[in-house]
Participant: 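Before we start, here is the structure in question, set down as structure tokens.
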Number of protein chains: 2
Amino acid sequence: METDRQIPQPSAEPPPCGAPRRGRPRSEAAELAICQAVERLMAEGGTLADLTIEGIAQAAGVGKATIYRRWPNKNALLVDVIDRLDEQMPQLPGTSVRDDLVVVMDHMRRRGLAKRSRWVLRMALEQLHSAPGLKEAYYSRVINPRRQALRSLVERGMAAGEFRSDLDSTLLAELFVGAMLLRTVIYDDATLDDPELPAMMVDSLLEGLRGPAHTSADPEPTTPVDASVSA
Amino acid sequence: METDRQIPQPSAEPPPCGAPRRGRPRSEAAELAICQAVERLMAEGGTLADLTIEGIAQAAGVGKATIYRRWPNKNALLVDVIDRLDEQMPQLPGTSVRDDLVVVMDHMRRRGLAKRSRWVLRMALEQLHSAPGLKEAYYSRVINPRRQALRSLVERGMAAGEFRSDLDSTLLAELFVGAMLLRTVIYDDATLDDPELPAMMVDSLLEGLRGPAHTSADPEPTTPVDASVSA
DNA sequence: CCGATACGAGACGTACTCGTATCGCAAATC
DNA sequence: GATTTGCGATACGAGTACGTCTCGTATCGG
């Protein structure tokens, strides 16, 4: 149990006020090289345990002491790197919310293809890869049977005419369960207590999420503010 | 010591055929206790690294040798436990595919509430907890800003009438991006190459996933059918 | 020039875990 | 009863990583 010791101040940001820092100043290049090395190693995949201090130091061409002079421990370094991540949002066209949404989701799609992004979540799942066979066992035993069963159910619905049949059954299944898995796995702060949630999700998806705007007359009193705030 | 004869296979399942197994037989209770201890420790959370052999042995009240007599290493034990998991599907009412789907998703919801289930995925995310602050930094820096931005976008669409406004904006946002996150994070074998995927997802969700079955005879595919189906 | 600090490199101690080996004892077959 | 195997407990070696410390060198202020 290592508690994060706060030794006086090996802090990342030495206070520029007060004494003008006698002696050799800290190399800004080293600090940059460390952070960039961490990001590079993150992009290469691997689990949290694979990100060793010595590996980071070597990748950055830096001694370990140079790292520990700036961050009290490995954890603080990683948190700091994550915190400095400049997660840029995609440029939204602003023509319609539907178009903006498509852009956002295409951004997600492309980032899903890139290794570097979503490292934290990917790292978590990559941990399964460090235990050979565990991932395969879990997927073949738990994940895939459920996917298959769900796909069969969806295909039954398509054959019965309850569901649209012009979409891929796999995609249709994912559209149905995606939000639920999101809540149960990733958004761990989201509430799951409402027993009406599944029915609401299914019926909303069946009915469609479109509003009345695509028709001409719309005397809706809610004053649609459609200012192009997409910046 | 002549090591040639002994122990070619410490396999988990000693072949019951052939010789009737001289000496003391293996305790079936020990095997059960081991598996149950693993499942219990899984339920308690923690990462893959927290599941140590000695911890398992102690939790099971068993010596380490008893474990290694049955499984060649820790990984095989875990894979075996995962593989023996009796993942039962929920009983489907079968009245309609929609009702079945609601049951399936409610099953997911309830399992999401239970700690024990989905251990492998949870364990992966729990790894973030082993690095204090990392999860918080990632969520506050990456996940939550995107959630917030997406929610603002959805609310803009609701205000503009493009989207339904009778649903919670958070839920609406999750319905839109759920499937995409599913593919980018969990279903890593799913393809993301199709650049039309986001538009197809968004438009399908807007249009609704219902088929023509609930009406008598109207196979028109494009006209949005708006039956009065209030939940 | 001098003290102070930073640098890269790497040795070092600590702690943890895996997987093996050993030690009495227990439970089965021969 | 002798032998063989399993049992829990635990010592052991090997490996890994963290975080500290030392060494010789480099760079700052004074």
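To find a chain, count down the sequence lines: A is the first, B the second, and so on, and within it residues start at 1.
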Participant: Provide, to the nearest angstrom, the distance between the OH atom belonging to B:Y68 and the P atom belonging to D:dC12.
Facilitator: 18 Å
Participant: Check the distance between C:dA28's P and B:E28's CD and give it to me in whole angstrom.
Facilitator: 14 Å
Participant: With no angle test and no hydrogens, is the base of D:dG19 tied to the side chain of A:K74 by a donor-acceptor pair under 3.5 Å?
Facilitator: no
Participant: Verify whether one side chain among A:R109 and B:T184 offers a donor that lies under 3.5 Å from an acceptor in the other.
Facilitator: no
Participant: Roughly, in whole Å, what's the span from CD1 in A:I67 to C1' in C:dC7?
Facilitator: 13 Å
Participant: Write down the distance between CG (A:L78) and C1' (D:dA17), rounded to a whole number of angstrom.
Facilitator: 14 Å
Participant: Begin from the C-alpha positions of B:M108 and A:R146 and carry the test side chain to side chain contact (heavy atoms under 4.5 Å, CB included) through to its verdict.
Facilitator: CA-CA 10 Å; B:M108 291 172 59; A:R146 292 173 178 277; 5.6 Å; no
Participant: Does anything in residues 191-200 of chain B form a salt bridge (Lys or Arg N to Asp or Glu O under 4.0 Å)? List the pairs, not counting sequence neighbours.
Facilitator: none
Participant: Rounding to an integer number of Å, can you tell me how far A:I53 CD1 sits from C:dC12 C1'?
Facilitator: 17 Å
Participant: Do we see a donor-acceptor contact under 3.5 Å between the side chains of A:S169 and A:E155?
Facilitator: yes
Participant: Measure the distance from CG on B:L48 to C1' on C:dT17 and round it to the nearest whole Å.
Facilitator: 12 Å
Participant: Mind checking B:L51 for me? I need base, sugar-phosphate or nothing, with any heavy atom below 4.0 Å counting as a touch.
Facilitator: sugar-phosphate
Participant: Going through the checks in order, is the side chain to side chain contact (heavy atoms under 4.5 Å, CB included) test met by A:E136 and A:L128?
Facilitator: CA-CA 9 Å; A:E136 287 75 11; A:L128 306 186; over 6 Å; no
Participant: If you assign each of B:N75 and A:A57 to its closest nucleotide in DNA chain C, which residue comes earlier from the 5' end?
Facilitator: A:A57
Participant: Please report the distance, rounded to the nearest Å, between CG in A:N73 and P in C:dT14.
Facilitator: 20 Å
Participant: Side-chain contact, heavy-atom cut-off 4.5 Å: B:F176 with B:L206?
Facilitator: yes
Participant: Closest nucleotide of DNA chain D for A:E54 versus for B:A60: which of these residues is on the 5' side?
Facilitator: B:A60
Participant: Does A:K64 get its side chain close enough to the base of D:dG19, under 3.5 Å, for a donor-acceptor pair?
Facilitator: yes
Participant: Mind listing the N/O atom pairs, protein and nucleotides 2-6 of chain C, below 3.5 Å?
Facilitator:
residue: C:dT5; atom: O2; partner: A:R24; partner atom: N; Å: 3.4
residue: C:dA6; atom: OP1; partner: A:R21; partner atom: NH2; Å: 2.9
residue: C:dA6; atom: OP1; partner: A:R26; partner atom: NE; Å: 3.3
residue: C:dA6; atom: O4'; partner: A:R24; partner atom: O; Å: 3.3
residue: C:dA6; atom: N3; partner: A:R24; partner atom: NH1; Å: 3.3

Participant: Going through the checks in order, is the salt bridge (charged side-chain N to carboxylate O under 4.0 Å, His left out) test met by A:E31 and A:R84?
Facilitator: CA-CA 13 Å; A:E31 193 150 337; A:R84 292 185 189 192; 3.7 Å; yes
Participant: Nearest to the side chain of B:A65, heavy atoms from C-beta on, is which of D:dT20, C:dC18, D:dA9?
Facilitator: D:dA9
Participant: Counting the atoms with a prime plus P, OP1 and OP2 as sugar-phosphate, which does B:A49 contact under 4.0 Å by heavy atoms, base, sugar-phosphate, or nothing?
Facilitator: nothing
Participant: Could you check B:D50 against A:A30 and say which one's nearest nucleotide on DNA chain C is further toward the 5' end?
Facilitator: A:A30
